[in-house]
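Input: a single structure, listed below in structure tokens.
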Amino acid sequence: MESSPQTQHSPLGELVAIRRQKLKALRDLGVDPYGGAFDTTGTVADVREVFAEGKFVSLAGRITAYRDMGKSRFLDLSDIGGRMQVYLNGKELDEATLAVAAQLDIGDFLGVEGECFTTRTGEPSIKVSRLAVLSKSLRPLPDKWHGVQDSETRYRQRYLDLIANAPSRETFRQRSLVVREIRRFLDERGFLEVETPMMQAIPGGAAAEPFKTHHNALGMDFYLRIAPELYLKRLLVAGFPKVFELNRSFRNEGISRRHNPEFTMLEAYWAYADFRLMSVMVEELICHLAAMLGCEDHQVHHRDMEGNVTRTINLSRPWKRASYRELIEEAVPGWFALDAEGKRSRCAELKLDISHCPEEFEMTQHVFEKLVEEKTIDPCFVTHVPKELVPLARLNDADPSTVDVYELIINGQEISPGYSELNDPDLQRERLEHQAGEEQQKIDTEFLEALEYGMPPAGGIGIGIDRLVMLLTGAESIRDVILFPHLKNRPTGE
RNA sequence: GGGUUGGUAGCUCAAUGGUAGAGCAGUACCCUUUUAAGGUAUUGGUUCUGGGUUCGAGUCCCAGCCAACCCA
């Protein structure tokens, strides 16, 4: 705990001290500044809905503006969904109420009862007949007009960001709508939502560095999952034909504009389907979500602070489908005709740093990431991906050097992979062993055992929900769609 | 991990190496339909931290901390 700011000889301390004096004044008036339940007509939005001249309503919210005109006082009561103006008439209210009103600050939670009326400037308002202090705010809120600009404050004290910045509120409201709608969409199609372990003895389903933890009673180490995949497939073995999980996974890797150590992923599996069917469902889902958020003509517009359109994503169906090879040839003609040395010098010409790509397929993948993925704004399903990149998918019958998957690229980043899942237990074991190399202990042999009981052929998808929300809301950073992104600890104190 | 930029009042931002300022918030007063209310007055500073250069540092140099962006 930090020391109380009012004990410090600081400007902030003085502001807090003044508010504490008001707190005491309220108590001296016989008012509990942290009142209990308050019966309301509803939220601000609800009250606006039922608003009718002369109607008696009751509303609670935070004071976000205070306009004192002498005998007349107007204040704004806000909640996450909007604001409502409240009017205090200095001549009609009793002395006790006015004395309480004199101790109010921006930031306080207040409950009011009164009649609806419209001011002559046309503002729907509530003429207060009774008020109740619900929570006295002891610290000053951010600037009412500029909000919180400092990114560090916005992330560390997200509540201040949400209080002060309407666009941030809207982003997180939309995120919530998206998650809810995905569940509804899948439920409508017969998918069953399940919950599988986030603590796993062997973290499988992806290639990523896991977080490690320890269970005392069992006396064993666990890892936070990097993907739910291997458990969801066990449920296919169990006989569930359609399952999904929409929840957190964890990867102990770098933090960037597009990476948070914990992130939200949808994984869905559909028995007897394949990656093509999954791609159509994902196309439908994302278009549906965009439409729900009000995008017109399948155009998603990203805007800057002034509201100018900075990017338009065209979601018109059908979405482009092209093979990994085609897309790379398109970006770098003649690429696949080059030998390893040729590829290396071509990368140098293209100013691509491939110092971390010893293998040829890694150079190719780097070219793909830089010259295809990052430049693909409108949706594109990339198919026929090299098998080295995707060890858990079914090999393509016609070209066994590739797998039956799609990688959906939108907005310059991978949004969703979709597979025809590999259900041959022997081949799966071989591919996992090859992937694990020296580290055979990293193979989830119990998963392989499950496969040996028989897993139906299936289509599977993953969707990175954070990135999906970025694309739908125009957020530039993953931190703008995660309520509490991880940052380093603050040095000390404030 | 490397590079670039930034960190000044509660918030948003200024300030050629030469007295640290403004708007909002706060405080006091005026004002009965305002709404970024308005008017008058006014309080408020460890300029991120620690060193250094200098007659003099928010400003220049070094180191560190935190953040954003780019690269890996």
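Please read all numbers here as calculations on a predicted model, not as lab measurements. Every chain is numbered from 1, with letters handed out A, B, ... down the list of sequences. Side chains included, hydrogens not; waters and symmetry mates left out as well; all remaining heavy atoms used.
- Heavy atoms of I18(A) sit under 4.0 angstrom from primed sugar atoms or phosphate atoms, though from no base atom.
- Note on K351(A): nothing from the nucleic acid sits closer than 4.0 angstrom, heavy atoms only.
- Annotation: rC48(B) and rU34(B) have their P atoms spaced 43 Å apart (nearest Å).
- Summary of the strand contacts: A65(A) and I255(A) both lie near RNA chain B, and taking for each the nucleotide with the nearest heavy atom, the more 5' one is attributed to A65(A).
- Remark: the S168(A) side chain and the D161(A) side chain contain an N/O donor-acceptor pair separated by less than 3.5 Å.
- Atom name C1', nucleotides rA14(B) and rU53(B): the rounded distance is 27 Å, in whole Å.
- Checking the phosphate oxygens (OP1, OP2) of rU32(B), no side-chain nitrogen or oxygen of R120(A) falls inside 4.0 Å.
- Q149(A) has its CD atom 14 Å from the C1' atom of rG23(B), to the nearest Å.
- Between rU54(B) and rC66(B), the two P atoms lie 32 Å apart (nearest whole Å).
- Look at the P atom in both rA22(B) and rC65(B): the space between them is 36 Å, to the nearest Å.
- If you take atom P in rU19(B) and the same atom in rG6(B), they sit 22 Å apart, rounded to whole Å.
- Separating the P atom of rU43(B) from that of rG23(B) is a span of 13 Å, rounded to the nearest Å.
- Within the nucleic acid shown, D76(A) has no heavy atom closer than 4.0 Å to any nucleic acid atom.
- Using P as the reference atom, rG18(B) and rC60(B) are 11 Å apart when rounded to the nearest Å.
- Along RNA chain B, the nucleotide nearest S151(A) and the nucleotide nearest F74(A) are compared for position; the residue whose nucleotide lies closer to the 5' end is F74(A).
- Side chain of Q413(A) to backbone of I410(A): no donor-acceptor contact under 3.5 angstrom is found.
- OP1 and OP2 of rU32(B) both lie 4.0 Å or more from every side-chain N or O belonging to K91(A).
- Counting any heavy atom pair closer than 4.0 Å across all strands shown, L487(A) reaches sugar-phosphate atoms only and no base atom.
- Note on S477(A): only backbone sugar-phosphate atoms sit closer than 4.0 angstrom, heavy atoms only; bases stay farther off.
- rG52(B) sits 15 Å from rU59(B) when the C1' atoms are compared, rounded to a whole Å.
- G254(A) comes within 4.0 angstrom of nothing in the nucleic acid, heavy atoms only.
- One can find a donor-acceptor pair under 3.5 Å joining the base of rU35(B) and the side-chain atoms of R83(A).
- For F381(A) and F275(A), the ring centers are positioned 6.0 Å apart or more.
- Side-chain contact between D28(A) and L26(A) is absent, with no heavy atoms from C-beta onward closer than 4.5 Å.
- Counting non-hydrogen atoms under 4.0 angstrom, R257(A) reaches the backbone sugars and phosphates but no base.
- Put simply, K488(A) has no side-chain N or O that comes within less than 4.0 Å of OP1 or OP2 on rA68(B).
- Note on K370(A): only backbone sugar-phosphate atoms sit closer than 4.0 angstrom, heavy atoms only; bases stay farther off.
- Side-chain atoms of Y87(A) come within donor-acceptor range of the base of rU32(B), with a qualifying N/O pair under 3.5 Å.
- Below the 3.5 angstrom threshold, one finds a donor paired with an acceptor across the side chain of T121(A) and the base of rU35(B).
- One finds no side-chain N or O of R19(A) lying less than 4.0 angstrom from the OP1 or OP2 phosphate oxygen of rG26(B).
- Judged by distance alone, with hydrogens and angles left aside, R67(A) brings a side-chain donor or acceptor within reach of the base of rU34(B), the pair sitting under 3.5 Å.
- Judged by distance alone, with hydrogens and angles left aside, D143(A) brings a side-chain donor or acceptor within reach of the base of rG23(B), the pair sitting under 3.5 Å.
- Side-chain atoms of E123(A) and base atoms of rU35(B) include a donor and an acceptor less than 3.5 Å apart.
- The base of rU34(B) is paired with the side chain of T119(A) by a donor and an acceptor separated by under 3.5 Å.
- Y155(A) comes within contact range of the sugar-phosphate backbone alone, with a heavy-atom separation under 4.0 Å but no base atom that close.
- Of the side-chain N and O atoms in R154(A), none sit less than 4.0 angstrom from OP1 or OP2 of rU12(B).
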